[in-house]
Amino acid sequence: MKAKQKALVFNFIGFAVIFLLARFGLAFISDIKPVYISILSAIMAMVVSPKFAVTQIKGKEKLMMKWIFMKEIKEL
């Protein structure tokens with residue numbers, strides 16, 4: 001699997017996991033309409049989920065990760 005494909009899959013998995021946790025967590029805790037819970041969960045997942053990207057360093061493609069809870073950018 002190419003690095004760009006891995007980045008796309010990792011971005012999707014990170015978003016989906018956080019979205020589902022937020023979606024069902026908010027539905028369990030609050031009594032808000034389901035449409036608003038889904039919108040709020042999507043916004044939370046966009047902000048909190050880790051971001052994966054591919055960079056060219058010295059002619060080699062490297063997969064990098066940036067996350068709101070980490071100071072530095074991590075190479076995978």
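All heavy atoms count here, side chains included; hydrogens, waters and symmetry mates do not.
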Inset, instruction - Using side chain to side chain donor-acceptor pair (under 3.5 Å) as the criterion, list what pairs up with Ser38, not counting sequence neighbours. - result: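 Arg23.
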Could you pull out every donor-acceptor pair under 3.5 Å between side chains of residues 2-12 and any protein atom, sequence neighbours left out?
from, atom 1, to, atom 2, distance (Å)
Gln5, OE1, Lys2, N, 3.2
Asn11, OD1, Phe52, N, 2.9
Asn11, ND2, Ala7, O, 3.1
Asn11, ND2, Phe52, O, 3.2

Legend entry - Linked hydrophobic residues, Leu40 as query - side chain contacts closer than 4.5 Å: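 The other cluster members (ILVMFWY side chains, heavy atoms under 4.5 Å, direct or chained) are Leu26, Ile32, Tyr36, Ile37, Met44.
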Inset, instruction - Sequence neighbours left out, what passes ring pair (Phe, Tyr, Trp, His ring centres under 6.0 Å) with Phe28? Give chain and number order. - result: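 Expected list: none.
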Legend entry - With Leu21 via side-chain contact (heavy atoms from CB on, under 4.5 Å) - residues at least two apart: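 Val17.
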Legend entry - Joint cluster assignment, Ile13 & Val54, ILVMFWY side-chain distance < 4.5 Å: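 Per the 4.5 Å side-chain linkage, Ile13 and Val54 are not co-clustered.
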Sequence neighbours excluded and cut-off under 3.5 Å, please list the side-chain donor-acceptor pairs for residues 56-76, or say none.
from, atom 1, to, atom 2, distance (Å)
Lys62, NZ, Glu75, OE2, 3.4
Trp67, NE1, Val48, O, 2.6

